Each structure stands twice: as structure tokens, then as C-alpha cells.
Amino acid sequence: MPVGAYLRVNKLLTSLDEHLRAHVPDNLSSLISTIAAASIDIRRTLPTSLGMTAGVNTSGEKQARADVYANEKFATSLIGTGKAAEVASEEMADALQGEGSIHVAMDPLDGSSNISTNNPLGSIFGFYSSKLPCSGEHLVGAAYVTYGPMLTLTFATDGPVQTFAAVEGDGAPVFTLLEDNIHIPLRPEVFGLGGQRKDWIEPVERFVETLEGRGMKLRYGGTFVGDYNQVLRYGGIFGYPALKSKPKGKLRILYEAAPMAYITAHADGASSDGTQDILTLRPSTLAQPTPLYLGSESLVREVEALIARR
Ligand code: AFP
């Protein structure tokens with residue numbers, strides 16, 4: 001069914017702008033609508049930004065041309081709102097400084113190694129009330145974009161989690177409410193863990209065997225946003241665990257782990273680095289990574305218990 005028809009059937013016709021005006025404080029509202037507008041441009045540009053740059057990002061990872069484009073587009077648009085105090089990004093060594101009050105941390109294009117295979121990509125944003133780096137306890141909102149069959153924007157700002165989808169019309173696409181008040185389903189169905197199985201720490205390997213034993217389905221595509229998005233809808237767990245070769249994990253606290261942990265907490269789920277809530281971690285650098293387990297609370301507690309018994 002086309003998105004427009006789906007939206008009509010579900011009578012969910014609120015536009016993003018209407019929603020932001022009614023429910024979201026002015027500074028966050030400007031940042032979120034700017035992200036929505038920039039994501040439309042990035043989606044259009046993706047087919048023409050294939051290929052890699054000669055450089056690497058701050059974590060030494062290869063950079064796609066689309067990483068650089070998305071970074072510049074989001075960073076300059078967010079600073080241009082006048083609402084951001086700074087914008088820090090996985091693709092920049094230092095944060096850009098602005099005139100506003102919200103400290104933004106972002107992964108402008110998550111999963112860029114999926115560009116050449118045309119699998120889903122994403123963008124992740126954390127809105128912090130304190131200078132970065134700081135813990136996720138200072139988050140006042142978080143958002144992520146999915147560039148999949150639909151262009152969607154999911155966010156929470158101290159309230160329910162909502163997803164808006166870009167609906168094509170006569171003019172520019174309009175983000176329209178697709179799903180309101182999202183809660184992770186009680187019965188978990190899917191799981192996805194990054195890294196290689198032989199590199200997982202032993203409790204994680206045992207944990208995954210129990211998930212398989214109870215008939216849960218493996219869903220892993222290699223883009224955090226895409227894989228997490230399934231957990232939010234179907235219930236289950238996403239992890240990028242501590243690896244034997246990489247005990248601190250891969251995903252970054254400020255740019256990726258804490259914003260998604262914030263959304264998860266507002267959808268009745270839980271997050272952990274194996275011992276403590278992701279939102280309580282205090283990174284000392286902008287790009288500090290963490291092991292990450294995220295999703296249905298019962299499963300996050302199970303993996304924590306196995307790690308504690310190690
Ligand atoms: P890229 O942006 O380099 O594609 O990395 C994506 C990512 O950071 C995250 O989106 C995935 O969950 C994770 O890496 C996948 O990593 P593995 O390939 O090691 O499973």
C-alpha cells in the first residue's frame with residue numbers, strides 16, 4: 001500500500017510542522033525540522049554521491065563521499081538555525097561552534113559501507129543540554145532518520161516516540177505522522193549483533209545461543225539504524241558487543257549509543273554496556289566507543305546477568 005494510502009487508512013495525518021508547533025519546545029523544534037529538510041536533500045543526493053574519499057574519519061574508518069556530504073549538509077544547516085551551541089560529528093575532529101543552547105552530537109550517515117549495496121542507511125542525532133562530551137543524562141531529545149524504502153524521521157523529546165514519513169505530493173515532500181507513541185512490543189522476535197561470532201566475548205556467544213534456542217529470528221544488515229529500527233518495531237535486541245579484539249566495542253557513546261538509548265528508554269526498552277545503563281556513561285572524549293546492548297528490557301537484563309557471572 002502506498003504510504004499516503006496507509007496514512008489515510010490510519011487517519012494519522014498530522015504534519016511534522018503541526019506536531020512540532022504543538023508539542024516541542026522552540027529550540028528543539030527548529031533543529032528537528034532542519035534535520036527533516038536536510039534529510040530530503042541527502043536522500044536525493046545519495047545516488048550521485050557514490051564512491052570513497054581519500055581520507056578517514058576521526059576513528060580511522062574509511063569515509064564515503066556521501067559521509068562528507070551529509071556531514072556538511074547537517075552541520076551547516078543545524079548551526080544556521082541559531083539554536084545549536086555546538087555540533088559535534090563522527091566525521092569531524094572538533095565540534096563546530098554556534099550561538100544557541102543545544103549541544104548536538106551526530107552520526108550524519110550511519111552505515112555508509114551499505115551505499116554500494118543499496119541497503120538502508122541512517123542518520124543519528126543527540127540533543128544535549130550540556131557541553132560535550134557529557135553523559136546521556138543530559139539528553140533532552142534524540143532523533144534518527146532512515147533512508148530505506150521510506151524516508152522516515154523517528155524522535156523523542158521527553159515524551160512518546162514518534163515516526164514521521166516523507167510523503168511525496170505536488171510540492172516538496174511533507175513529513176506526516178506514521179506512528180505515534182511507539183513502544184517496544186513485550187514479546188521479542190528479532191535480534192542482531194555486530195562483529196564476528198568468533199570474536200564475541202563468551203557470555204554474548206552463550207546469550208545468542210539461547211535466543212536462537214527460543215526461536216528468535218536473526219536480523220542483521222550492518223546499519224545500526226536499520227537493525228535497531230526492527231527491534232523497536234518487533235521487540236528484541238540489537239548489540240554491538242565487547243569483542244575479544246575490541247573490548248570497548250565499536251559504536252560511539254555520544255553520536256550513536258546514547259541517542260538511541262534515549263529513544264529506547266522512551267519506548268519502554270532498556271540499554272546497557274553490559275554492566276550499566278548507556279545513559280549513565282560519561283565519555284571523556286567525543287568519539288569514545290562503548291559495547292552496546294539495546295532493546296527489550298528483559299533481554300538487556302539477561303545479557304547483563306550473563307556478563308556479570310563471567
Ligand atoms: P559504516 O558506517 O562504516 O558502514 O559502519 C556502520 C556501523 O558503525 C554501524 O552502523 C553498524 O551497526 C556497524 O558499523 C556494523 O559493523 P560490523 O560490520 O562490524 O558488524
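As a basis for the values below, the full set of heavy atoms in this structure was taken, side chains included, without hydrogen atoms, waters or symmetry mates. Just so it is clear, the model here is predicted, and its values are computed rather than measured. In this chain, numbering begins with 1 at the start of the sequence shown.
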Strictly below 4.0 Å, N to O, side chains only: are E202 and R309 in salt-bridge contact?
no
So the ring pair (Phe, Tyr, Trp, His ring centres under 6.0 Å) pairs with at least one residue in residues 168-225 (sequence neighbours excluded) are F224-F238
If you take all heavy atoms of S296 and P185, which pair is closest and at what distance?
OG-O, 4.1 Å
Check whether any side-chain heavy atom of P160 lies under 4.5 Å from a side-chain heavy atom of H23, and answer yes or no.
no
Identify each donor-acceptor pair in which a side-chain atom of residues 141-155 lies under 3.5 Å from a protein atom, sequence neighbours left out, and give them as a table.
from	atom 1	to	atom 2	distance (Å)
Y144	OH	N229	OD1	2.6
T146	OG1	T152	OG1	2.2
Y147	OH	S123	OG	2.7
T154	OG1	T163	OG1	2.7

Side chain proximity check, M92 to N71, heavy atoms < 4.5 angstrom
yes
Is L251 reachable from L232 through a run of hydrophobic residues whose side-chain heavy atoms are each under 4.5 Å from the next?
yes
Find out whether L279 and L139 are in side-chain contact, i.e. whether some heavy atom of one side chain is under 4.5 Å from a heavy atom of the other.
yes
Can you list the steps and then say if H19 with L177 is a side chain to side chain contact (heavy atoms under 4.5 Å, CB included)?
CA-CA 9 Å; H19 174 86; L177 187 61; 5.7 Å; no
Between the side chains of R282 and E137, is the shortest nitrogen-to-carboxylate-oxygen separation below 4.0 Å, so that they form an ion pair?
yes
Value rounded to 0.5 Å, distance of CG in L186 from CD in E297
10.5 Å
Sequence neighbours left out, what pairs pass side-chain hydrogen bond (donor to acceptor under 3.5 Å, both in side chains) with at least one residue falling in residues 184-196?
none
Looking at L286 and A88, what are the two nearest heavy atoms and their distance?
CD2-CB, 4.2 Å
Please round to the nearest 0.5 Å and tell me the distance separating atom CD of Q230 and atom NZ of K217.
9.5 Å
Looking at CG of L193 and CD1 of I237, how far apart are the two atoms once the value is rounded to the nearest 0.5 Å?
7.0 Å
Evaluate the side-chain proximity of P289 to K248: yes if any heavy-atom separation is below 4.5 Å, no if none is.
yes
Same apolar cluster (I L V M F W Y, side chains within < 4.5 Å links), V140/I263
no
Can E179 and R233 be said to form a salt bridge (Lys or Arg N to Asp or Glu O under 4.0 Å), step by step?
CA-CA 10 Å; E179 218 179 331; R233 265 63 197 203; 3.0 Å; yes
Could you see if L299 belongs to whatever hydrophobic cluster contains M260? Use Ile, Leu, Val, Met, Phe, Trp, Tyr and a side-chain cutoff under 4.5 Å.
yes
Looking at every non-hydrogen atom in both residues, tell me the closest pair between D17 and S33 and how far apart they are.
OD1-CB, 4.2 Å
Under 3.5 Å, is there a donor-acceptor pair linking the side chains of D110 and T223?
no
Transitively linked via ILVMFWY side-chain contacts under 4.5 Å: L306 with L243?
yes
Are L78 and L96 close enough that some pair of their side-chain heavy atoms sits under 4.5 Å apart?
no
Euclidean distance, S272 OG relative to D277 CG, rounded to 0.5 Å
7.5 Å
Hphob cluster co-occupancy, V190 + L292, side-chain heavy atoms under 4.5 angstrom
yes
CD1 on I35 to NZ on K73, rounded to 0.5 Å:
13.0 Å
Between the side chains of E212 and R197, is the shortest nitrogen-to-carboxylate-oxygen separation below 4.0 Å, so that they form an ion pair?
yes
Between R214 and T210, does any side-chain donor sit less than 3.5 Å from a side-chain acceptor?
yes
Side-chain donor-acceptor pair present, S284, Q288, cut-off under 3.5 Å:
yes
So, are E304 and R301 salt-bridged, with charged N and O less than 4.0 Å apart?
yes
On a heavy-atom basis, the closest approach of L294 and V231 is O-CG1, 4.1 Å
Looking only at non-hydrogen atoms, find the nearest pair between P247 and S245 and report the distance.
CD-C, 3.7 Å
Taking atom CG as the centre, does N181 end up with more than 12 heavy-atom neighbours from other residues, nucleotides or ligands that are less than 6.0 angstrom away?
yes
Might you work through the side chain to side chain contact (heavy atoms under 4.5 Å, CB included) test for E256 and E90, ending with a clear yes or no?
CA-CA 9 Å; E256 295 158 311; E90 189 179 303; 3.1 Å; yes
Sequence neighbours left out, what pairs pass ring pair (Phe, Tyr, Trp, His ring centres under 6.0 Å) with at least one residue falling in residues 70-103?
F74-F125
With rounding to the nearest 0.5 angstrom, report the CG to CG distance, L178 to L16.
12.5 Å
Does anything in residues 278-310 form a ring pair (Phe, Tyr, Trp, His ring centres under 6.0 Å)? List the pairs, not counting sequence neighbours.
none
Would T280 and Q276 count as a side-chain hydrogen bond (donor to acceptor under 3.5 Å, both in side chains) if you check the C-alpha gap in whole Å, the side-chain angles of each, and the deciding distance to 0.1 Å?
CA-CA 7 Å; T280 63; Q276 68 182 94; 2.8 Å; yes
The complete set of ring pair (Phe, Tyr, Trp, His ring centres under 6.0 Å) pairs with one or both residues in residues 265-284, sequence neighbours excluded, reads Y262-H266
So do T176 and T14 actually touch side chain to side chain, heavy atoms under 4.5 Å?
no
Considering all heavy atoms, the nearest L109-A66 contact
CD2-CB, 3.5 Å
Y255 side chain vs S89 backbone, donor-acceptor pair below 3.5 Å:
yes
Quick one about T275 and D273 (side-chain donor to acceptor, distance below 3.5 Å, no hydrogens or angles considered), yes or no?
yes
Please assess D227 against Y240 for the test side-chain hydrogen bond (donor to acceptor under 3.5 Å, both in side chains), listing each intermediate value before the final yes or no.
CA-CA 11 Å; D227 292 325; Y240 203 102; over 6 Å; no
CD of Q97: more than 12 outside heavy atoms within 6.0 angstrom?
yes
Does the side chain of I124 reach to within under 4.5 Å of the side chain of M106, using non-hydrogen atoms?
no
Heavy-atom side-chain contact between V104 and L132 under 4.5 Å
no
Around atom CZ of R206, are there more than 12 heavy atoms from other residues, nucleotides or ligands closer than 6.0 Å?
yes
Looking only at side chains, do Y228 and T264 share a donor and an acceptor under 3.5 Å apart?
yes
Can D26 and K83 be counted as an ion pair, charged N to O under 4.0 angstrom?
yes
